[in-house]
Amino acid sequence: MIKAILIFNNHGKPRLSKFYEHYNEDTEQQIIRETFHLVSKRDENVCNFLEGGMLIGGSDYKLIYRHYATLYFVFCVDSSESELGILDLIQVFVETLDKCFENVCELDLIFHVDKVHNILAEMVMGGMVLETNMNEIITQVDAQNKMEKAETFIFQSTRQDR
Amino acid sequence: MSPSVPLQEMIRAIRSARTQCEERGVIQRECAAIRAQFRQTDNGGRSHNLAKLLYVHMLGYPAHFGQMECVRMIASPRYSEKRVGYLGAMMLLDEKQDASLLITNSIKNDLSHSNQYVQSLALCTLACMGSAEMCRDLAPEIDRLLQSANSYIKKKAALCAVHIVRKVQDLGELFIPAARSLLSEKNHGVLHGAVVLITELCERNPETLKRFRKTVPDLVQIMKGLIISGYSPEHDVSGISDPFLQVRILRLLRILGRNSESASDAMNDLLAQVATNTDSTKTVGNAVLYETVLTVLDIKSESGLRVLAVNILGRFLLNSDRNIRYIAMTSLQKIVGTDHNAVQRHRGTIVDCLKDQDASVKRRALELSLALVSASNIRSMIKELLLFLSSCPPELKAQATSGIFIAAERYAPSKRWHIDTILHVLTTAGGDVRDETVPNLIHLITNASELHCYTVHKLYRALVTDISQQSLVQVACWCIGEYGDLLLKGECQETEPVQVSEDDVLDALETVLQSHMSSSTTRGFALTATMKLSTRITDNVDRIRSIVSIYGSCIDVELQQRAVEYNALFKKYDHMRAAVLERMPLMERNSSGNTNGEATAETITETNSSKVTQEDRVPAPPPQQQPAKQTYDLLDLLGGSSEPLQQIPAAQTLPINTSGSAGGDLLDLLGGLEPSPATPAPSVTVYEKDGVTLTLSCEQQSDSSLAVTLTATNASESDISGFTLQAAVPKSVQLNMKAPSRDSLPARGAAQMTQLVMLNNPNKVNLKMRIRISYTRQGSAFQDMVQVDSLPGLS
């Protein structure tokens, strides 16, 4: 099971934080800080698996991370997930973001947090991997966005009618 | 206008804040505005406000006032509001909040909505934060959705079912038929969800596992389809067709095939095929191979297949990609118990990984190396591990030292090697060893009597070089104290002789005493060692006397106490000094669970013969000899009465201070030395006064628990009322007094009162009890106390 998905930049500012188990707000921030500390110390050519975070829950959990330019994508998983599989999942996630946002960069993630959450909700649900096919995910996300746009349009046009 | 423009404006405002203080100000203003807007009734921009709130929450500011708004938004008919509402529910609500119950009804309605996206929102939220009650309510809905025609909904419902099963295990039964039928789907997403669901059901319930064994052929079929089928662009990741699904199916096969011959047979061909055909140049290929290897090693596969699997792991170990090496070591760790020899073949590579720069790889290599240590390779492995210890990252030091100690203890080829190894560890990483190491090492040294000379020379040299490692210094001081005469003799077969004069030794001990780096325990050791040397050296006794008297006014209470007592030993009891400070006899080791939960010294129980000889030479020492600071828990409890503990030779109390707290030790000493009463009579009268008689009888219930029955009778002429008993026992014993049968005793023994007391004595200390009796007779209150020193009927 995936316990948490975190995205933060090279200075430790969180860009996305999704927890699949409940912690109170202070603990969540502490986890983000601690993860940043552990991950930022790593060299470029060491392996992508980290153990030893105390807060997020003890010995069964490890951090699997990937560093892309200015962002760290960190998945905190337990032993029931395949480590190499999660590495690939991070890759699929980033590629999907790239397709949805056209050459995604950190600013896109900053200003469209809700969209990133929606994309993530199509991939991971309740801590489990839901869908890994990029095209399928993008189709669903596009359909949902269209629905939302249609609603706003109707709402706005009714307002103008008054 | 997209709904997130106001959100973007706020984000821009937050980002333009240059200091943390400014940012807080901006956020506070925004939150106030949001709160005001929430209080207003329906307006068009509700979703913007909640989105803003969620952003603020991510940055770490409190956002709990948005919870009710989430509930309202979820109930709204508009999709955009529902979406943000559900997102807010997932981030802000959890089962402990009351607001989460309110959304159960909305979720129920949305699960039957006509729009699949609304249904999916509800499913997603339920899977993320559904509480047990919500799961119970909505499980039938989920089951219905599992059978719907829409594959998008089916796959989400499958994962939602997994969450439900995790929360409420009994509901698993409900989903079994649906799960079974899902296996015949073509859609990979649904298949994936179905496999996860079946995995979860099988892991939770062995009955279900047996039922699903029949699906093994279907699963094998699906896998074959995935491997053999041609290139399918939608599921392809670097040339492998849907590796995620392959990995999941392999994992399920592993669970189904464990402990089952028939299921394992059905899988053998498939696993061989996957193992040989998968392309291992990319990470995905390795992921599938890795899972295959784990499955092969876990089920009852044929031996050829197992050999293949271990070879694949060996190849992984030599891979240049660190990730793969890490993975390989993780899986070798899992099989080192069962296929020990196969893993031994790769020992060289694993030991090389200890020198890798990567901390994660080092950690794995350390664990695996410790598991691979055996009697045949102990010397070379420990050499490598000691090398590792000198350059090891600090978080792994504790693990490494305890691992080395355990391995050395199990397989040490000779005592001298053992002692050398421990000394080496103490000099390199003395700060990270556990507390038990010091007494363990002392015990080891005492028992290796032929090596005393060698050990004390080595330790002296180590002490002179470096006094910063506390454990090493403590052991060194103790040894010098005990075997100082051997040190001064200068000759030793096993090492080069070194001329050590008495002054040098005393200098060394004084340096330890005065150094800032020494902890108070270490100082205690050093002072005791100095004292012991007074009988072993000849010329500098005056120097020792002066050192000891200096510390008589030390600020540290423990040191002061010791110094004062040693002074007394010099002045008034000089005739006993030699006997008191003579060499310690061989110790037997007790398990270290005996000391009131503190991880301190093992208790020292004397063998009978040495006890007798000690007692002969040391006639009952007067009470001043006993270090009063060592609180005998027993005496403390029983009101501090100074019973002279004549049986204890004071000699043992002085050198036993292996660490500061020794209260528990002493108690166990008491227990060890006093003979247990062998009275056959089960009940004994413990109190008799003014016609009130109290008798006590015991019955041993189990190894550590005892049932004591107190019986009281009144033989006098007047009635007694309000009769109560209170009892006190030594600190480590647990007491449970049951209700008395009555609280009044009529005259002339017309009726008696009984009370049951349950005692639990896990540390097996000697049981004493002090009982306070209080009652009222003829209007006046009466109280008395009696002490029971030995409980009858104890075996």
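Chain letters run A, B, ... following the sequence lines, proteins first and then strands; every chain starts at 1.
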Colleague: State whether B:Glu367 and B:Arg363 are salt-bridged, where the test is any N-O pair (Lys NZ or Arg NE/NH1/NH2 against Asp/Glu carboxylate O) under 4.0 Å.
Modeller: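 Salt bridge flag = no for B:Arg363 with B:Glu367.
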Colleague: Output all residues satisfying side chain to side chain donor-acceptor pair (under 3.5 Å) with B:Tyr290, sequence neighbours left out; order by chain, then residue number.
Modeller: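 Here no residue qualifies.
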Colleague: May I ask you to name which of B:Arg248, B:Gln116, B:Arg325, B:Met58 has the most heavy-atom pairs under 4.5 Å with chain A?
Modeller: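 It is B:Met58.
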Colleague: Determine whether the aromatic ring centres of residues A:Tyr65 and A:Phe73 are separated by less than 6.0 angstrom.
Modeller: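 Judged by ring-centre distance (under 6.0 Å), A:Phe73 and A:Tyr65 do not meet the cut-off.
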Colleague: So what's closer than 4.5 Å to chain A heavy atoms on B:Ala158: side chain, backbone, both or neither?
Modeller: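 Interface part for B:Ala158: neither.
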Colleague: Where does A:Glu81 contact chain B at under 4.5 Å (heavy atoms): side chain, backbone, both or neither?
Modeller: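 The answer is both parts of A:Glu81.
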Colleague: Of all of A:Ile32, A:Val113, A:Leu130, which one pairs up most often with chain B through heavy atoms under 4.5 Å apart?
Modeller: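 That would be A:Leu130.
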Colleague: Find the one option among B:Gln357, B:His57, B:Glu203, B:Glu291 whose heavy-atom pairs under 4.5 Å with chain A are most numerous.
Modeller: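 Max contact count across the listed options: B:His57.
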Colleague: Which bit of B:Asp321 is near chain A, if near means a heavy-atom gap under 4.5 Å: side chain, backbone, both or neither?
Modeller: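 When you check distances to chain A, no heavy atom of B:Asp321 falls under 4.5 Å.
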Colleague: Looking at chain A, which one of B:Arg364, B:His64, B:Lys156 has the largest number of heavy-atom pairs inside 4.5 Å, strictly under?
Modeller: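 Top count of heavy-atom pairs under 4.5 Å with chain A: B:Lys156.
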Colleague: Picking from A:Glu25, A:Glu28, A:Gln91, which has the most non-hydrogen pairs under 4.5 angstrom with chain B?
Modeller: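 Heavy-atom pair counts peak at A:Glu25.
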Colleague: Which heavy atom of A:Leu50 sits nearest a heavy atom of B:Ser360, and at what distance?
Modeller: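 Reported closest heavy-atom pair: CA-OG, 4.0 Å.
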Colleague: Relative to each other, are the rings of A:Tyr72 and A:His67 parallel, tilted or perpendicular (30° and 60° limits)?
Modeller: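 Parallel.
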Colleague: Do A:Lys115 and A:Phe101 meet the cation-pi criteria used here (NZ or CZ under 6.0 Å from the six-membered ring centre, within 45° of the axis)?
Modeller: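 No.
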Colleague: Please state whether the side chain, the backbone, both or neither of A:Leu87 comes within less than 4.5 Å of a heavy atom of chain B.
Modeller: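 Only the side chain of A:Leu87 comes within 4.5 Å of chain B.
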Colleague: Can you confirm whether A:Phe49 sits close enough to A:Leu63 that some side-chain heavy atom of one is under 4.5 Å from a side-chain heavy atom of the other?
Modeller: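 With C-beta onward as the side chain, the pair stays apart.
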Colleague: Is chain A contacted by the side chain of B:Ile11, its backbone, both, or neither, given a heavy-atom distance below 4.5 Å?
Modeller: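 Answer is both: backbone and side chain atoms of B:Ile11 are under 4.5 Å from chain A.
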Colleague: Is it the side chain or the backbone of B:Ser120 that comes within 4.5 Å of chain A heavy atoms, both, or neither?
Modeller: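 For B:Ser120, the contact with chain A is made by the side chain alone.
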Colleague: Please answer whether the main-chain N or O of A:Val46 pairs with a side-chain N or O of A:Asp43 as donor and acceptor at a distance below 3.5 Å.
Modeller: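 No, the answer is negative, given that no donor and acceptor are paired below the 3.5 Å cut-off.
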Colleague: For A:Arg15, is it the side chain, the backbone, both, or neither that has a heavy atom closer than 4.5 Å to a heavy atom of chain B?
Modeller: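 Both backbone and side chain.
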Colleague: Please determine, among B:Tyr152, B:Tyr61, B:Tyr55, the option with the most heavy-atom pairs under 4.5 Å with chain A.
Modeller: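 Most heavy-atom pairs under 4.5 Å with chain A: B:Tyr152.
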Colleague: Less than 4.5 Å to any heavy atom of chain B: does that hold for the side chain of A:Ile86, its backbone, both, or neither?
Modeller: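 Neither part.
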Colleague: So, using side chain to side chain contact (heavy atoms under 4.5 Å, CB included) as the criterion, who are the partners of B:Arg83 when residues are at least two apart?
Modeller: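 With neighbours one apart ignored, the set is A:Asn118, A:Gln144, A:Asn145, A:Glu148, B:Tyr79, B:Leu121.
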Colleague: Any side-chain heavy-atom pair from B:Leu54 and B:Leu87 closer than 4.5 angstrom?
Modeller: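 The answer is yes; the side chains approach within 4.5 Å.
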Colleague: Closer than 3.5 angstrom, by distance alone: can the side chain of B:Thr295 be matched with the main-chain N or O of B:Leu250 as a donor-acceptor pair?
Modeller: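 It does hold such a pair.
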Colleague: Sort B:Glu395 into side chain, backbone, both or neither according to what part of it lies under 4.5 angstrom from a heavy atom of chain A.
Modeller: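 Neither part; nothing is under 4.5 Å.
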Colleague: Using a cut-off of under 4.5 Å on heavy-atom pairs, state which of B:Val247, B:Val196, B:Asp356, B:Asn115 scores highest against chain A.
Modeller: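 With the most close heavy-atom pairs to chain A, the winner is B:Asn115.
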Colleague: Tell me, side chain or backbone of B:Arg166 under 4.5 Å from chain A's heavy atoms, or both, or neither?
Modeller: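 Contact with chain A: side chain only.
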Colleague: Quick one, B:Leu126 and B:His163 - any side-chain contact, counting heavy atoms below 4.5 Å?
Modeller: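 No - every pair of side-chain heavy atoms lies 4.5 Å or more apart.
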Colleague: Any idea which of A:Gln140, A:His117, A:Glu136 has the most non-hydrogen atom pairs under 4.5 angstrom with chain B?
Modeller: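 Most pairs with chain B among the choices: A:Gln140.
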Colleague: Using non-hydrogen atoms only, which part of A:Glu21 is less than 4.5 Å away from chain B: side chain, backbone, both, or neither?
Modeller: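 Contact with chain B involves no heavy atom of A:Glu21 at all.
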